[in-house]
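Since the structure is predicted, the reported quantities are computational estimates derived from the model, not experimental observations.
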Amino acid sequence: MWIVILIVLLAGLAAVLFKIIGRHPAAVAELPAGPRLDAAADMPQPDRIPYSNETIDEAVIHCFRFAFDVQRFDYPIDGEHAAILESVAQALDQSVHQRDYFPRRPMLLPKLLQAINDNESTRQELVRLIMEDPTLAGAVLQRANSAYYRMTPEPIESLDRAVFMLGTDGLRVLLAAAILQPVFSTPGGYFESFAAITWEQGERTASAAEACARAHGDAEPIVARLLGLVSLLANIVLFRLTMDKYREHPALLPRAEVFIQAIRQQRACMASLIAQAWQLSDVSIAAFTEQQQQLSPSQMSSLGRCVYFGELCGVLSMLATRGYFASDRAMTLLIDQGADREAARAMWLAATANKGS
């Protein structure tokens, strides 16, 4: 009797187990996938890092709001305004030869860069070159007399003494800015905050690009700084060019979205044209070509990455110093875009320390 009962119980248990086992594969297939144990698989892959993303695009848009003092610029561009935009694109190559909105290569620039980078250049040689440009000489004296450099209550009136006080690094920063700042200007009447905002962004970009070059040691810092300024100088040139096209239509009121679209579409191309017109190196021109092609940062040259991260830091620091972007979020974004932590920190400190001038 007990044997019969035991056999019945075992048979029932076997039936239950059979149902569970037979149903198991389908049940597992229906469950949502759990978290992967391989943490490395979730890390950003260098060859998959995009040139831009939604966060970067929104940050750039916000900077344009500051520069043009507008809240919206997503209005459709049609009719005569669309024709203005098209004429700007068609005039890029010709604009290189028009002095009004394309700055000529500063004649002192190659001489000064060569002298500063040459360890055998004497202070007297630098003083002689600087004295060829009275405006530049004044800028050197002004910087040497700033609170950062001057150690005595007596003002520094000797250019030789000023050069000594600034040192090579100080001169590099000063010369890149002093030579280019005068061309960061725009005609009055419309969007009058654009030039000042763009200059501030240019200085932040240049500082971050230089810091990137120093952090990695595989690009010349002064060249990276110069290209950082040129990348924002392209915005100024495009602004002038667009304004010129509007002057051909006196009854047409300039619209911010047309300027912004022209800059967004053509800035990398214009920066490359400036670099070519100034007869900068092939490596420098290639750095801007990489921005035109919107390569992944991981696929760019060393100098191209300096320009890329300089521009990104320039945008983010403009927002951070105005309370629109958190520093820790900016650091995360830089690292996600391929910057190592130490380089990201150095670039961010350089960009946020620079308040423009």
message = Quick check: do R204 and T321 have side-chain heavy atoms less than 4.5 Å from each other?
response = yes

key: Donor-acceptor contact present, side-chain T352 to main-chain W348, <3.5 Å   = yes

query = Got a sec: does the CD of Q142 have more than 12 other heavy atoms crowding it under 6.0 Å?
reply = no

task = Evaluate whether atom CD of E54 has more than 12 neighbouring non-hydrogen atoms of other residues, nucleotides or ligands under 6.0 angstrom away.
result = no

query = Strictly by modelled atom types, are Q337 and Y308 linked by a side-chain donor-acceptor pair under 3.5 Å?
reply = yes

inquiry  = If you apply the rule side-chain hydrogen bond (donor to acceptor under 3.5 Å, both in side chains), what do you find for S296 with R48, and how did you get there?
reply    = CA-CA 7 Å; S296 168; R48 298 178 185 174; over 6 Å; no

query = Restricting to pairs with a member in residues 251-267, which pass salt bridge (charged side-chain N to carboxylate O under 4.0 Å, His left out), not counting sequence neighbours?
reply = R255-E257, R267-E311

Show me the donor-acceptor pairs within less than 3.5 Å that the side chains of residues 76-83 make with the rest of the protein, sequence neighbours left out.
| residue | atom | partner | partner atom | Å |
| --- | --- | --- | --- | --- |
| H81 | ND1 | Y246 | OH | 2.8 |

inquiry  = Does any part of the side chain of L227, heavy atoms only, come nearer than 4.5 Å to the side chain of C306, both counted from C-beta?
reply    = no

key: Pair V88-L238, side-chain contact (heavy atoms from CB on, under 4.5 Å): steps then yes or no   = CA-CA 8 Å; V88 168; L238 284 163; 4.3 Å; yes

note = Separation between CD1 (I197) and CD (Q201), nearest 0.5 Å, reads 8.5 Å

inquiry  = Under a 3.5 Å cutoff, is there a donor and acceptor pairing between the side chains of S207 and E203?
reply    = no

message = Using only atom types and a distance under 3.5 Å, with no angle test, would you say the side chain of N145 pairs donor to acceptor with the backbone of P155?
response = no

Cluster check V127, F164: I/L/V/M/F/W/Y, side chain < 4.5 angstrom = no

query = Rounded to the nearest 0.5 Å, how far apart are CG of L312 and OG1 of T205?
reply = 9.5 Å

key: From E220 atom CD to S281 atom OG, the distance as rounded to the nearest 0.5 Å   = 10.5 Å

task = Could you list the residues that satisfy side-chain contact (heavy atoms from CB on, under 4.5 Å) with A268, not counting sequence neighbours?
result = Q291, Q292

task = Work out which heavy atom in A162 is nearest to a heavy atom in V140; give both atom names and the distance.
result = CB-CG1, 3.9 Å

ask   = Any side-chain heavy atom of M270 within less than 4.5 Å of one from I263?
value = no

request  = Please identify each residue that fulfils side-chain contact (heavy atoms from CB on, under 4.5 Å) with Q265, with sequence neighbours left out.
outcome  = L85, Q261

request  = Apply side-chain hydrogen bond (donor to acceptor under 3.5 Å, both in side chains) to D69 and S193, showing your working.
outcome  = CA-CA 7 Å; D69 195 20; S193 62; 5.4 Å; no

ask   = Which residues pass the salt bridge (charged side-chain N to carboxylate O under 4.0 Å, His left out) test with R65, sequence neighbours left out?
value = E58

request  = Give, for atom CE of M318 and atom SG of C63, the distance between the pair rounded to the nearest 0.5 Å.
outcome  = 5.0 Å

request  = Following the transitive rule for hydrophobic clusters with a side-chain heavy-atom cut-off under 4.5 Å over Ile, Leu, Val, Met, Phe, Trp and Tyr, establish whether Y75 and I84 coincide in one cluster.
outcome  = no

task = Specify the closest pair of heavy atoms between F309 and A339, including all atoms of both residues, with the distance to one decimal.
result = CZ-N, 3.6 Å

task = For A211, enumerate each residue passing the side-chain contact (heavy atoms from CB on, under 4.5 Å) test, keeping only those at least two apart in sequence or located in another chain.
result = M347, A350

ask   = Could you give the distance from OG1 (T198) to CZ (F239), rounded to the nearest 0.5 Å?
value = 8.5 Å

Closest non-hydrogen atom pair between L241 and A91, with its separation = CD1-CB, 4.1 Å

ask   = Hey, any chance L166 and I156 share a hydrophobic cluster, counting ILVMFWY side chains that come within less than 4.5 Å of each other, even indirectly?
value = no

message = Can you list everything that forms a ring-ring contact (aromatic ring centres under 6.0 Å, His included) with F68? Sequence neighbours excluded, please.
response = F191, F194

key: hydrophobic_cluster_shared for F64 and L232, side chain cutoff 4.5 Å   = yes

inquiry  = Filter on ring-ring contact (aromatic ring centres under 6.0 Å, His included), then keep only pairs touching residues 310-343, sequence neighbours left out; what's left?
reply    = H62-Y324, F66-Y324

ask   = Does anything in residues 269-290 pair up under salt bridge (charged side-chain N to carboxylate O under 4.0 Å, His left out), and if so which pairs, sequence neighbours excluded?
value = none

request  = Go through the structure and list residues passing salt bridge (charged side-chain N to carboxylate O under 4.0 Å, His left out) with R341, not counting sequence neighbours.
outcome  = none

query = Quick one: salt bridge (charged side-chain N to carboxylate O under 4.0 Å, His left out) partners of D328, sequence neighbours excluded?
reply = none

ask   = Mind checking whether Y190 and L253 have side chains closer than 4.5 Å, heavy atoms only?
value = yes

task = Verify, without hydrogens or angle tests, whether R305 (side chain) and M300 (backbone) share a donor-acceptor contact under 3.5 angstrom.
result = yes

query = Does a side-chain heavy-atom distance below 4.5 Å link D244 with R240?
reply = no

query = Looking at side-chain heavy atoms only, is the closest gap between L316 and I56 below 4.5 Å?
reply = no

inquiry  = Hydrophobic cluster membership, with links at side-chain heavy-atom distances under 4.5 Å among I/L/V/M/F/W/Y: are L303 and I285 in one?
reply    = no

key: L295 versus Y51, closest heavy-atom pair with distance   = O-CD1, 3.3 Å

remark   = Separation between CG (L280) and CG (L226), nearest 0.5 Å, reads 6.0 Å

note = Sequence neighbours excluded, the answer for salt bridge (charged side-chain N to carboxylate O under 4.0 Å, His left out) partners of R322 is E200

note = In terms of heavy-atom contacts, S284 and V223 come closest through OG-CG1, 3.6 Å

ask   = If you take all heavy atoms of A271 and S231, which pair is closest and at what distance?
value = CB-CA, 4.3 Å

